[in-house]
Amino acid sequence: TDFPPKIDFFDNMLVLDEKAEKVEGANNLRQVNGFPVFGTGQTTEEGFLKVLDKVKAVHGETDEKMLWFNMRKEPVVYINGNPFAPRNPEDLHRNLDIEFSVEELDNLEAHYTNILKAKAEEKEGVLRTMKDVAFAENPMDREAVGEDTKVENLKGQFEIFNSLRENGFENLVTHRIPVTEERSAGEASFDMMVEGLKNEPASTPCVFSDQMGRGRTTSGMVVACLIKEIQITTELRK
């Protein structure tokens, strides 16, 4: 309950080539050439819609499923439309490394959301949040500062996914694949991705996301492309 929320979205997250298309609210959004496989950093609340609209524009307006793979272990909450994640007060510059099942992580996200809502109510709608003064590649070079944020709205990421399904994206299917930041996906995570993709047509679009949309997201995109390559070959033989 003492783990402060730290903002997950900042301009210096962008690492794509300057010529790459930029999508506001979805840092590092890109697609693998020839595959319906997309990757992005943690989006803003509005960014979710922009990503899904982009997928639809590329893939075509169909009633086919759209898969979203959340590669993060950390709970994510949205305060005034921006994503925040809890940090250990003794180590504000690193994402939490917790070993929970997917069900436990989903429950933790809901519980943390409720904790923050209660804290905001106690302080007349004001919540203490954290942010880095400036981005630095090395987490130890970052300086975190606290600020009082007036909460206009607060919701868990799971609530945003539910809202998307209720408002035009009823075929959106979400999967949580918990992977530790800056480490390769383990066998269990690989198996979960295979399970989520194996019964879908190769044409089913999928989006992968983590905090910055780099390491964990890219690993997921590679796995998806390998699986879809096998599926394409199999479908052509039928």
Side-chain angles (χ1 to χ4, degrees), residues 1-6 8-9 37-45 47-48 51-52 65-79 82-89 91 94-120 153-167 169-200 204-213 215-224 227:
T1 59
D2 294 327
F3 283 33
K6 187 177 179 185
D8 258 346
F9 193 87
V37 176
F38 300 78
T40 181
Q42 190 71 46
T43 72
T44 62
E45 185 171 356
F48 277 110
V51 171
L52 294 179
K65 283 182 183 177
M66 299 170 71
L67 309 181
W68 192 298
F69 290 84
N70 171 20
M71 305 295 287
R72 302 188 70 172
K73 285 184 170 184
E74 316 87 63
V76 178
V77 297
Y78 278 75
I79 302 171
N82 287 317
F84 288 74
R87 297 293 179 94
N88 186 327
D91 190 2
R94 297 186 189 278
N95 281 309
L96 298 181
D97 185 6
I98 45 183
E99 298 297 332
F100 291 154
S101 68
V102 171
E103 182 180 7
E104 288 171 331
L105 289 172
D106 288 343
N107 289 337
L108 177 61
E109 187 168 272
H111 184 57
Y112 187 65
T113 301
N114 289 333
I115 287 174
L116 293 186
K117 287 179 178 178
K119 283 190 172 185
N153 61 74
L154 194 159
K155 60 189 74 172
Q157 181 171 243
F158 65 97
E159 294 176 274
I160 293 177
F161 282 134
N162 289 339
S163 178
L164 289 168
R165 280 187 279 266
E166 293 169 1
N167 293 281
F169 295 95
E170 59 274 4
N171 293 320
L172 176 65
V173 177
T174 56
H175 297 277
R176 188 178 212 128
I177 313 292
V179 178
T180 302
E181 185 180 28
E182 297 182 351
R183 295 187 194 166
S184 60
E187 185 176 340
S189 298
F190 179 83
D191 289 344
M192 292 167 74
M193 281 186 274
V194 171
E195 190 64 29
L197 288 165
K198 69 179 183 181
N199 294 321
E200 301 294 338
T204 301
C206 52
V207 180
F208 290 82
S209 67
D210 61 16
Q211 184 190 14
M212 294 186 68
R216 293 175 283 183
T217 287
T218 300
S219 295
M221 294 170 73
V222 170
V223 171
I227 294 171

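These figures come from a predicted structure and were not determined experimentally. If you read the sequence from its start, that first residue is 1, and numbering goes on from there.
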Search all heavy atoms of [X] against all heavy atoms of [Y] and return the closest pair with its distance.
| X | Y | value |
| --- | --- | --- |
| Pro178 | Arg176 | CD-O, 3.5 Å |
| Tyr78 | Val76 | CE1-CG1, 3.7 Å |
| Val102 | Met192 | CG2-CE, 3.2 Å |

Aromatic ring centroids of Phe3 and Tyr112 under 6.0 Å?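 Phe3 vs Tyr112: aromatic centres not under 6.0 Å.
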Donor + acceptor pair across side chains of [X], [Y] (<3.5 Å):
| X | Y | result |
| --- | --- | --- |
| Thr180 | Lys73 | yes |
| Gln211 | Glu74 | no |
| Arg72 | Gln42 | yes |

Once you measure the plane-to-plane angle for Phe69 and His175, does it fall in the parallel (<30°), tilted (30-60°) or perpendicular (>60°) bin?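 It falls in the parallel class, under 30°.
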Assess whether side chain to side chain contact (heavy atoms under 4.5 Å, CB included) is satisfied between Phe84 and Asp8, documenting all intermediate values. CA-CA 5 Å; Phe84 288 74; Asp8 258 346; over 6 Å; no
Pick one: which of Ile115, Asn107, Thr113 meets side chain to side chain contact (heavy atoms under 4.5 Å, CB included) with His111?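 Single pass found, and it is Ile115.
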How long is the span from the CG atom in Asp210 to the CG atom in Asn95, to the nearest 0.5 Å?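 One finds 9.0 Å between CG of Asp210 and CG of Asn95.
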CA sep, side-chain torsions, deciding dist, call: Phe208, Trp68, ring-ring contact (aromatic ring centres under 6.0 Å, His included): CA-CA 6 Å; Phe208 290 82; Trp68 192 298; 9.8 Å; no
Between Met66 and Val207, is there a side-chain heavy-atom distance shorter than 4.5 Å?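 Result no, sub-4.5 Å side-chain heavy-atom pair not found.
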